[in-house]
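Working notes, structure below.
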Amino acid sequence: MRQIFTLSLVFSTIRLSTPLVLAALGGLYSERSGVINIALEGLLLAGAFTAASVTFYAHNPWIGLAAAIFAGALVAYLIALACIRFKADQVVTGTGINILFLGLPAVLSGALFLSSGSTPQIPKENLLPALSRFLPFMPEWRIFTDVSSVSLLALVMVLVTRYVLYRTPFGLRLRAVGENPEAADAAGVSVNLMRYIGVMLSGALAGIGGAYLSIGQSSLFTRNMASGRGFIALAALIFGKWRPVQTMLACLLFGFADALTTQMQGVAKLPSGEDIPVQFILMIPYVVTIIVLAGFIGQSRAPKALGIPYQKER
Amino acid sequence: MKLFREILFPLIAVLAAFIVGGIVVWIIGDNPFETYKLLIGSAFSWPDGIGYTLFNATPLIFTGLAVAVAFRCGLLNIGAEGQLYFAAFATAWVGIKFGGVSILNPSTGQAVVSPFANLPAVVLLPLCCMVAIVAGAIWGAIPGVLKARFGSHEVINTIMLNFIAVALLSYFTQYHYKIPGDAIMQTAEIGPKAFLPTLGRFIPGLPARIPLNIAFILAVIACVLVYIFLWKTKWGYELRATGANPSAAEYGGVSIRKQIILAMAISGGLAGMVGINEVLGYRHRYYDGFSANYGFVGIAVALLGRNHPVGVFLAAILFAILLRGGIFVDAFTLHVSKDIVDMLLGIVIVFVAAEAMFRGPLKKFGLMRRAKV
């Protein structure tokens with residue numbers, strides 16, 4: 001057991017949770033405004049590919065990050081356009097976007113880099129830096145400052161989201177259009193504008209999460225590198241009852257389960273001497289989500305108007 | 001007029017997707033017309049083109065029907081992927097255990113898995129097919145029960161069950177039904193009596209190497225049966241009534257909960273039939289991760305086919321053409337890869353979902369009467 005529960009487990013939990021937190025926060029803005037965002041997976045991929053490609057040409061991770069944010073918001077704008085303006089089914093649109101971004105990055109990387117679906121390696125100095133880059137004067141704290149700056153950004157975004165959602169007029173309006181759009185409309189809030197903003201914020205945040213995947217955690221974009229993280233983020237959002245801090249805790253839990261599987265491989269044994277199959281640990285987030293949704297562990301209630309396009313009374 | 005619109009919107013969506021895709025191809029430096037010629041033109045040769053197109057269409061017909069039946073009940077089944085995996089494994093398991101297969105450990109010579117029985121083909125084949133349908137129906141019914149009993153949303157639950165199915169089956173494959181030492185994540189081969197014959201055996205001129213098999217005939221039959229069920233039976237009427245207007249249906253004496261579970265079970269059973277094509281007709285074993293997103297493409301097939309069996313059949317053929325054409329695009333164009341197929345699929349889905357965007361321009365050209373408000 002000692003070999004498993006080490007400090008490195010804590011840090012790999014943080015590392016693996018970071019993209020989940022960012023994507024789930026993104027989902028939170030969208031869903032709190034009343035638009036289901038099943039496209040988090042596709043948005044992560046869009047952000048990851050854009051970040052890696054732009055960084056490769058610009059030799060600067062921050063430009064890559066900005067491009068990823070822009071790309072995420074742009075794709076999210078298209079989702080919002082389909083779902084809000086043309087009242088397309090939100091789940092179907094999201095599924096379409098997810099499939100689109102299985103293909104599009106691969107097509108583009110084939111053309112840009114003559115590769116089959118991945119971008120070239122990006123040198124280490126051009127990746128999103130760890131905190132130690134900014135805090136060179138405290139080498140004895142190295143173990144803490146080795147955390148990526150994006151992880152800190154994710155934490156900050158959680159606190160910002162909490163403040164914005166519950167302490168600002170904007171947050172009140174966002175929640176209002178997700179719970180009771182008619183009342184919000186009557187109070188003079190533009191329902192559709194708030195929803196456009198909510199969805200685009202989700203794209204921007206998922207874009208950061210994607211950038212972290214390609215130019216933070218690894219050093220290139222590979223085909224389908226989100227590998228289901230968008231869906232785990234969605235699960236965490238539900239587990240966290242659509243609230244920022246709880247959602248982050250859910251992401252940490254799921255990230256921990258993920259970290260545990262890698263850490264346990266070949267180390268942990270059942271009393272009978274066999275390996276513990278990692279598949280059962282991989283299942284945890286999904287099983288937990290189903291149980292939570294069914295109402296066995298507290299009630300998780302979705303925003304009331306989630307998934308319903310708003311039709312203004314004439 | 002209604003039929004005209006039912007055909008017009010899907011056609012426009014596909015055309016629009018091809019235009020957008022063509023622009024992407026043009027931007028990255030290939031000739032869109034050449035690319036589309038490769039993508040579509042390869043499908044019509046006999047026997048390879050047509051044989052492979054129909055073979056590729058078979059799983060898409062099943063998943064398209066699966067999504068369509070759920071849709072007609074007002075449910076979105078994103079879980080066809082998990083259902084077809086679960087069913088494929090179940091049918092492979094029966095093919096091994098009741099097909100007289102012993103899995104031996106090559107280093108020790110000891111049996112890791114011993115068969116229960118060695119059934120004759122007349123019994124084993126129908127049994128395997130039934131098991132695929134029932135297993136798919138069970139995996140599909142789970143989110144149905146969860147929705148009917150607890151009100152939890154089927155979309156989230158089906159997504160979660162997809163991941164659970166994949167992890168669970170990868171466990172069983174890796175730890176129990178793989179030939180020890182096999183580097184590939186696949187089960188041992190099923191008993192030869194569980195092999196579904198290829199159509200090449202019955203059709204002159206169709207070589208046996210083309211994997212088109214009897215499952216395609218089953219897919220056509222499934223289209224007919226789904227049509228009869230939905231439009232010619234009382235149960236189908238109740239199912240559609242639930243989808244069209246749940247409260248009215250309930251007022252009319254339909255149990256919505258029962259309809260939800262029934263629709264999801266039928267949907268899962270149809271998705272499960274992919275296992276018949278894949279395991280009994282083609283690979284003769286369960287292969288981890290065999291599905292080329294069949295479950296998700298099924299959503300596009302159902303949408304484009306307007307949730308009608310005839311439409312599903314035609315849409316499945318179209319996507320099958322693209323899937324096969326992708327291989328030629330990969331080989332014969334300079335820049336464009338076969339991933340263009342995924343890209344086109346995604347765009348088609350979004351365009352079909354957001355068909356309202358075509359309504360404005362159509363009105364302008366007088367192709368559609370203005371809707372009365």
Side-chain angles (χ1 to χ4, degrees), chain A residues 36 38 42 78-79 81-83 85-93 95-112 114 116-117 223 228 231-232 234-235 238 274-275 277-283 285-290 292-296 300 302 306-307 314, chain B residues 21 24-25 27-30 76 78 142-143 146 149-153 155-157 159-164 166-172 174-175 293 296-297 299-300 303 330 333-359 373:
Chain A
I36 300 175
I38 232 154
L78 297 178
I79 298 174
L81 199 63
C83 293
R85 171 105 186 264
F86 298 116
K87 300 195 171 52
D89 187 296
Q90 297 168 3
V91 175
V92 172
T93 307
T95 308
I97 294 290
N98 286 338
I99 295 182
L100 173 61
F101 279 93
L102 279 183
L104 188 60
V107 169
L108 293 180
S109 68
L112 286 172
L114 293 175
S116 62
R223 180 197 296 265
F231 295 112
I232 297 200
L234 199 65
I238 295 162
E274 289 172 55
D275 286 340
V278 294
Q279 286 95 342
F280 288 102
I281 303 166
L282 286 174
M283 269 186 244
Y286 310 115
V287 175
V288 164
T289 305
I290 290 179
V292 169
L293 257 187
F296 290 127
S300 184
L306 187 60
R314 285 168 212 231
Chain B
V24 173
V25 170
I27 289 173
I28 64 183
D30 272 326
L76 187 49
I78 306 204
I142 297 172
L146 287 168
R149 176 76 183 74
F150 303 107
S152 46
H153 204 298
V155 165
I156 307 294
N157 279 333
I159 292 174
M160 300 302 138
L161 282 164
N162 284 346
F163 287 107
I164 293 172
V166 168
L168 196 65
L169 302 176
S170 124
Y171 162 76
F172 279 116
Q174 186 180 345
Y175 288 89
N293 280 328
F296 298 106
V297 179
I299 298 168
L303 275 176
D330 231 12
T333 59
L334 196 55
H335 302 291
V336 186
S337 64
K338 67 175 189 312
D339 304 290
I340 186 148
V341 177
D342 278 335
M343 191 188 89
L344 285 173
L345 284 179
I347 302 175
V348 168
I349 295 180
V350 175
F351 277 158
V352 177
E355 63 170 37
M357 76 172 78
F358 304 119
R359 225 165 258 167
V373 183

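Values reported hereafter were calculated over all heavy atoms of this structure, with side chains retained and with hydrogens, waters and symmetry mates removed. Below, read A as the first sequence line, B as the second, and so on, with proteins coming before strands; counting in each chain starts at 1.
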Side-chain heavy atoms of N293(B) within contact of I99(A), under 4.5 Å: no
Separation between CD1 of I159(B) and CG of L234(A), rounded to the nearest 0.5 Å: 6.0 Å
CG-NE2 distance between L112(A) and H335(B), expressed to the nearest 0.5 angstrom: 10.0 Å
T95(A) side chain near L76(B) side chain, heavy-atom distance below 4.5 Å: no
Region of L78(A) in contact with chain B, defined by heavy-atom distances below 4.5 Å: neither
Point-to-point distance, once rounded to the nearest 0.5 Å, from OG1 of T289(A) to CE of M160(B): 4.5 Å
Most contacts with chain B, counted as non-hydrogen pairs under 4.5 angstrom, among D89(A), V91(A), L102(A): V91(A)
Residue list, salt bridge (charged side-chain N to carboxylate O under 4.0 Å, His left out) with D339(B), at least two apart or on another chain: R223(A)
When L161(B), N157(B), V336(B) are compared by non-hydrogen pairs under 4.5 Å with chain A, the top option: N157(B)
Most contacts with chain A, counted as non-hydrogen pairs under 4.5 angstrom, among I28(B), I164(B), V25(B), V24(B): I164(B)
Region of Q174(B) that comes under 4.5 Å of a non-hydrogen atom in chain A: side chain
OH on Y175(B) to CD on Q279(A), rounded to 0.5 Å: 5.5 Å
CG-CD1 distance between L293(A) and I156(B), expressed to the nearest 0.5 angstrom: 6.5 Å
Contact origin within F280(A) toward chain B - heavy atom pairs under 4.5 Å: side chain
Please table the atom pairs, donor to acceptor, closer than 3.5 Å between any side-chain atom in residues 340-348 of chain B and protein atoms at least two apart or in another chain.
none

F163(B) and F231(A) aromatic ring geometry - parallel, tilted or perpendicular at 30°/60° bounds: tilted
Separation of I38(A) CD1 from I78(B) CD1 (nearest 0.5 Å): 4.5 Å
L114(A) portion near chain B, given a 4.5 angstrom heavy-atom threshold: side chain
